[in-house]
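One structure is given here, and the rest of the page talks about it.
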Amino acid sequence: MTEPLLQVKNLTKRFGGVAAVSGVSLDVFPRETLAIIGPNGAGKTTFYNMLSGRMTPTEGSIVLEGTDITGLPPQRISRMGVSRSFQINNIFSEMTVRENVEVALSAYHGHSRRWANIATRNKPIQQEADSILERLSLSDLAHRRAGVISYGDKRLVEIAVVLATRPHLVLLDEPTAGMTPDETHRVTALVKSLASTGNYTFLITEHDMRVVFDVADRILVMHRGQSLVLGTPQEVRAHPEVRRAYLGDADEEMAP
Ligand SMILES: Nc1ncnc2c1ncn2[C@@H]1O[C@H](COP(=O)(O)OP(=O)(O)OP(=O)(O)O)[C@@H](O)[C@H]1O
Ligand SMILES: [Mg+2]
């Protein structure tokens, strides 16, 4: 059997007396797309914060490709090939769209973060940035200031930045929230196309069930910090407790 890329055991994060994530165990296998769903406050972002090193777990362990990364700082984890997007946008609004991607590429290639020098000096980085922007249909916006483009486009730029570091494991936190149907489609098409190259493993949190059932190989349902169900889309769709606890009367939304 394939070794898991990521092994999470009994992961717990408490804030004061409240357990935001409580005893979650999960194996993530190479090349799969695993969606994490659950109502607001279920603990999805907190789970990501521990995986990416932004928060130290109260208990439990995280092993990436055989290495214990529990509690390591974000930069270390990022250099090991884990990259994440944020639920709230996290790009540089004073830079152009292309410069945002160039900064990420430049950091990945170990160059200076002084972005002003990049565009004029580094042709390969420019070309790589252009090809990433093209994949996301963002080429037309390459020279616009990131602060002035639409909300959905900003979120697409953030995904471009996430992919620039060529991560093995990509954590996307509600990537399509606030997007138009067209922008959402660009994200799902990109995730599916990257997943099909066999070089990427995705964790994706989402409230939009159409996106979840479109991209996910497996689904983890979180509820009140705990892992409620982990299974294939069919298993999750059929699970009575999931319907009751999370999906409620959303049967229609769950239809294929
Ligand atoms: N830094 C923090 N300090 C205190 N409590 C926190 C902190 N971060 C999260 N929480 C709490 O932990 C719980 C889980 O929050 P989290 O943001 O992980 O949920 P989520 O599943 O990402 O929700 P959403 O779908 O709204 O993004 C919530 O009750 C939240 O209020
Ligand atoms: Mg969240």
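In listed order, ligands and their atoms are each counted from 1. Positions are given from 1 along the sequence.
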>> Quick check on contacts: which atoms of ligand 1 are under 4.0 angstrom from a heavy atom of E174?
In response: 24 (P), 25 (O), 27 (O)
> Which pair of heavy atoms, one from L133 and one from A160, lies closest together, and at what distance?
Replying inline: CD2-CB, 4.4 Å
> Under 3.5 Å, is there a donor-acceptor pair linking the side chains of R135 and S193?
Replying inline: yes
> Counting from 1, what ligand 1 atoms have a heavy atom of T45 closer than 4.0 Å?
Replying inline: 17 (O), 18 (O), 20 (P), 22 (O), 27 (O)
> Counting only heavy atoms, which portion of M222 has something under 4.0 Å from ligand 1: side chain, backbone, both, or neither?
Replying inline: neither
>> Which of the numbered atoms in ligand 1 are under 4.0 angstrom from any heavy atom belonging to N40?
In response: 23 (O), 24 (P), 25 (O), 26 (O)
>> Between ligand 1 and G38, can you find any atom pair, the residue atom being a heavy atom, that is separated by under 4.0 Å?
In response: no
> Applying a strict 4.0 Å limit to heavy atoms, is K13 in contact with ligand 1?
Replying inline: no
> Hey, what do you get for OG1 (T176) to CG (D208), rounding to the nearest 0.5 Å?
Replying inline: 5.0 Å
>> For E32, is there an ion pair with R218 - N to carboxylate O distance below 4.0 angstrom?
In response: yes
>> Tell me whether R237 forms a cation-pi arrangement with F213, defined as NZ or CZ under 6.0 Å from the six-membered ring centre and within 45 degrees of its axis.
In response: yes
>> Nearest non-hydrogen contact with atom 11 (C) of ligand 1 belongs to which option: F47, Y48, F15?
In response: F15
>> Within ligand 1, which atoms have a heavy atom of H207 less than 4.0 Å away?
In response: 25 (O)
>> Let me confirm one number: the OH-CG distance from Y48 to L203, rounded to the nearest 0.5 Å.
In response: 5.0 Å
> Does an N or O anywhere in G43 fall below 3.5 Å from an N or O of ligand 1?
Replying inline: yes
> Does a salt bridge link R186 with D153, judged by any charged N lying under 4.0 Å from a carboxylate O?
Replying inline: yes
> Of the choices I37, N49, T46, which has the non-hydrogen atom that lies closest to atom 18 (O) of ligand 1?
Replying inline: T46
> Side chains of R84 and N49: is there a donor and an acceptor less than 3.5 Å apart?
Replying inline: yes
>> Counting backbone and side-chain atoms alike, is an N, O or S atom of T45 positioned under 2.8 Å from the Mg ion (ligand 2)?
In response: yes
